[in-house]
Amino acid sequence: MNKPIDPSIYAQVPDAKGRFGPYGGKFVSETLMSALADLERVYSQLKDDPDFQREFDSYLAHFVGRPSPLYEAERWSDQIGGARIYFKREDLNHTGAHKVNNTVGQALLAKFMGKKRVIAETGAGQHGVASATIAARLGMECHVFMGEEDVRRQALNVYRMRLLGANVISVTSGSRTLKDAMNEAMRDWVTNVDDTFYIIGTVAGPHPYPMLVRDFQSVIGREARVQCLNQIGRLPDALVACVGGGSNAIGLFHPFLEDESVEIYGVEAGGHGVETNEHAAPLTAGTPGVLHGNRTYLMQDEDGQIMHTHSVSAGLDYPGVGPEHAWLKDVGRVNYVTANDDEALQAFHTVTRTEGIMPALETSHALAYAAKLAATMTPEQTIVVNLSGRGDKDIFTVAEVDGADIFGEK
Amino acid sequence: MSRIQAKWQSLHAAGRKAVIPYVVAGDPRPDVTVSLMHELVAAGADMLELGVPFSDPMAEGPVIQKGHERALAHRVSLRSCLATIAAFRESDALTPIILMGYANPIERMGYAMFAEAAAQAGVDGLITVDLPPEEVETVNAELKKVGIDNIFLISPTTPNDRIPLITSQASGFIYYVSLKGVTGAANINTQEVAAKVQQIKSETDLPVAVGFGIKDAASAAAVASVADGVVVGSALVSLLGNEDKTIESRCHDAVALLGEIRSGV
């Protein structure tokens, strides 16, 4: 761990080329370059514009329901017997996850740019639902690309999107999961670039997306920091969040990066175990490369082909990760670890039964690691976990794994 | 003078437009690629564009995506593409070969090692879809050392004031993407193409080839009348993917289409 000496460096990325150290950038076809330049120009104009901020904040307060609570998981912490664990309750947001913070921000950018058609990719369906929701609110046409495999395992969210008026396109190319949905969304964008705004759901993609998604999601960490000071009387000792593309994690982490006393943990999907190659943990077991518009850690083979990933959670089933995470790993500020499928499922059940809060399977990875970490700490110490989403969407997956018979058909 | 420059010079001298077929290396089967390349040259191809298969070909339409998938099913890699080109070069020292693909396989091999291996195999030009001029510094330096041309795309969405940024980094020729969209998409508008080609030519002396959306002899002829050359991809790859036919007759059909296009240009 070679921590940088000057903590102010965290506020200085990305640079003008969209780079976080060697990561990030704009690796896209020429057709998209002017659209990215437009977006960059509009965003730099609006991000400090008081009217835009006021509108964004108003949506966050009255549509999303912010601020989300910081909640002490008392029974679970007692059971573990180590550090006290707090949940940042992003599951209580409108639509049930952190994703909506970002879709509101980007849809307002789209509105300002006069784009009437929005597209999005989705894995677990949370970003798709959040995009369809704000599109309905703003009267925009919405198309959501979703891998065929995810359409199957997230049927509930697919129907929610359709009820909201979105067109869900089942993607049958490649591995039929999130990465292929993103390929297909990029293809749509290239074709309809004049009237279409691409709402990317995570802190990946070409510059300026990793920056603007981070900025929109940082409301999580800003609130959590104030809530810690008010409710606990000091900063937490550790932060834990799950990392797929990494938007909920960067949202919680970013406002704490300069607080050197706070240890930070990003939890990747260990799938069947990192040693099995059936996982989705590029920071833990991958190598740097270029995919979906940015340079970052990827799961790839020796020829540079992107590998199939596996995770019980559709939202973490992605072979890349946001470029800022890649950089935070290299500079040693954030510790990237993994939780396997079975550990996540166990945490899902435990937290549901002890706290009466049913977490998303993505979030359950963070919870699984937080439990291990808490056990090594003292009751005077505190951990904040980003409870990034609720688990209703996952009950079919959980039932399948557990062999439960929901509809009494067996 | 590079093989690509020499080719353009002889084309200009003969008053001919370039016909440039695109096929994916290893599609439909790796053992037929070298002979297919020779047959395309015999049917009138002036240069060859060889696609490097990639797991996530974001700029391709469904037809060429399938070509990538067929090649990947045979585990065709950047290394094996270079071996294919070296084999082709054993009996053709003149036809320029352009590799077209995505950044990651090259990035994985390492830009310096790639440039050296590509030059040794007989590669003349490189088109990397997801390396716009903003991201090209490293690879350009390596390509210059070995004399490989870096060929850039210009698209209908490229603002006119951005064209010099691209042409100043480019060599060999400019590849004008004739439409907004993925490869093999809708019909192209020849008048719009003509206007943009003129705009590009006002910024550079490099020849301009046009691709993405050329389907047959008629569309090739129309586009060739306003540019220096045409690239034909999806129409050929579609024939190579025709599962109702044997591998041999698929290759035969693709070569026959190229011959028709050649005679109309």
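Chain naming here is simple, since letters A, B, ... match the order of the sequence lines and numbering starts at 1 in each.
Using a 4.5 Å cut-off between heavy atoms, Asp301(A) touches chain B through backbone and side chain atoms alike. For Val52(B), no part sits under 4.5 Å from any heavy atom of chain A, backbone or side chain. Heavy atoms closer than 4.5 Å to chain A are found nowhere in Leu78(B), neither backbone nor side chain. Heavy atoms closer than 4.5 Å to chain B are found nowhere in Ser175(A), neither backbone nor side chain. For Val28(A), the part lying under 4.5 angstrom from a heavy atom of chain B is the backbone only. At a 4.5 Å heavy-atom cutoff, the contact between Pro57(B) and chain A is made by backbone and side-chain atoms alike.
You'll find the side chain of His207(A) stays beyond 4.5 Å of the side chain of Glu134(B), heavy atoms only. Contact of the Met182(A) side chain with the Met58(B) side chain is not registered, since no non-hydrogen atoms from C-beta on lie closer than 4.5 Å. You'll find the side chain of Asn104(B) reaches within 4.5 Å of the side chain of Gln300(A), heavy atoms only.
Of the charged side-chain nitrogens involved, at least one lies within less than 4.0 Å of a carboxylate oxygen, so that Arg162(B) and Glu30(A) count as a salt-bridged pair. Using a cut-off of 4.0 Å between Lys/Arg side-chain N and Asp/Glu carboxylate O, Arg108(B) and Asp303(A) are scored as not salt-bridged.
In terms of heavy atoms, Thr191(A) sits closest to Val182(B) at OG1-N, 4.0 Å. Minimum heavy-atom separation, Phe54(B) to Gly304(A): CE1-O, 3.3 Å. Of all heavy-atom pairs between Gln305(A) and Val76(B), the closest is NE2-O, 4.1 Å.
In terms of heavy-atom pairs under 4.5 Å with chain A, the best-connected choice from Pro132(B), Pro133(B), Ser77(B) is Pro132(B). Chosen from Val129(B), Ile106(B), Thr128(B), Val136(B), the residue pairing most often with chain A at heavy-atom distances under 4.5 Å is Val129(B).
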Determine all donor-acceptor pairs shorter than 3.5 Å in which one atom belongs to a side chain in residues 111-123 of chain B; sequence neighbours excluded.
from, atom 1, to, atom 2, distance (Å)
Tyr111(B), OH, Glu107(B), OE1, 2.8

